[in-house]
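Before any comments, here is the structure.
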Amino acid sequence: MKNLYLILFFILGMMACKPKPIEIEIKQADPRLVVYSQYVNGGYLVVSLTKSFPARLPGNIIDSNGFHLDSSIFVNNAEVWLKGANLELKLEQFESGLYACENAFLNDGETYLIEVIESNRDFTMGSTQKMKIVRFDSVAAYSSRTGTNNNTDVYYSFTNNKNEENYYVVNYFTKKERELIPEKPDADYIARRMLQQNVSFDLLTDKDFANGKIQVYKTISNNYAGDTLVLGLSNISKGYFHFLEAQKRAGILFNQLTSEVINFPTNINNGYGYFNLHEPDIRILELK
């Protein structure tokens, strides 16, 4: 009993001596440029430029509809250049934070550099290879009802290139509301859709194929409101594959406030994001 009293006295003494919480001011990292790119068949390149924001965000930027970001994060009036061995093209701004070039005819396997010059003349650069296009062998989309659920199902198949180490992404570009998709979507429409935040995608490597073929049939939504669906298949670099792996782990790219810390790979010097030049095989499907 004497030993029990000693233990209790020790615990109470420790509690009494517990120091008050100390407020620690953590210095926020300086904003950096965030670069994303999308290359579309026919030589159309779109680059998105924004600024990173600190973990301590002013106000409430998240609601039930997702993120509403202040316009101050978009980078305007920058110089954006695409450069290669025999190429130098300037991208023109056509919308807040968006820059485009319509004649970026690139060669598979060649390395290209993105260069951004901001108002303070700081340079942000990143380089990547132009990836070969890989096409679907077959693709289809269906709408079915199970109880109160309106299911959206997709099927696709394609062939693997056995002579190389390959990484693929299949994107599902869905909308929560009905959207009128053009009968013949132009490059600008496709690029805008592919730059939108998207967490519905499949990542595949060589090990997912059997005899050089893959077939996938899956339900991608139980309450999809639209009557059309956009699918995109891309052959991507290993670095961008790991970037998308991190994005999938995070759930939503910006939403790291209550989840584990995710370190996103980047190929941008002095910045964030990922510069890539994969060329997608785009299919616009009506749900049957």
For [X] against [Y], the heavy-atom pair lying closest together:
X	Y	answer
K162	G212	CE-CA, 3.7 Å
V170	L233	CG2-CD1, 3.8 Å
Y99	N77	OH-N, 3.2 Å
S37	F275	OG-CD1, 3.4 Å
Q129	L277	O-CB, 3.9 Å
T159	F209	C-CE2, 4.2 Å

Around [X], counting heavy atoms of other residues, nucleotides and ligands shown, do more than 12 lie under 6.0 Å from its [atom1]?
X	atom1	answer
E110	CD	yes
N103	CG	yes
K218	NZ	yes
E245	CD	yes

Rounded distance (nearest 0.5 Å) linking atom [atom1] of [X] with atom [atom2] of [Y]:
X	Y	atom1	atom2	answer
L203	H242	CG	NE2	10.5 Å
K83	E115	NZ	CD	3.5 Å
Q215	Y155	CD	OH	3.5 Å
Y112	T128	OH	OG1	11.5 Å
L45	C101	CG	SG	7.0 Å

Do [X] and [Y] have side chains that get closer than 4.5 Å, going by heavy atoms?
X	Y	value
V134	N161	no
S237	M131	yes
L87	L106	yes
Y167	N235	no
V154	V139	no
K130	N107	no
N160	L204	no
R283	Y156	no

Given the rule that I, L, V, M, F, W and Y join up when any side-chain heavy atoms are under 4.5 Å apart, are [X] and [Y] in one cluster?
X	Y	answer
I133	Y39	no
M125	I114	no
I220	F136	yes
V116	L113	no
L231	I214	yes

Can a side-chain donor-acceptor contact be found between [Y] and [X] if the only test is distance below 3.5 angstrom?
X	Y	value
D202	Y168	no
N151	T219	no
D153	S144	yes

Residues V35, L49; criterion side chain to side chain contact (heavy atoms under 4.5 Å, CB included); working and verdict: CA-CA 5 Å; V35 179; L49 298 182; 3.8 Å; yes

T124 backbone acceptor or donor facing N270 side chain under 3.5 Å: no

Main-chain N/O of I268 paired with T266 side-chain donor or acceptor, under 3.5 Å: yes

From CA spacing to verdict: side chain to side chain contact (heavy atoms under 4.5 Å, CB included), L82, V47: CA-CA 10 Å; L82 178 70; V47 172; over 6 Å; no

Pair E79 + K90: basic N to acidic O under 4.0 Å: no

Test applied, ring-ring contact (aromatic ring centres under 6.0 Å, His included); reference residue, F264; option that passes from F243, Y36, Y274: F243

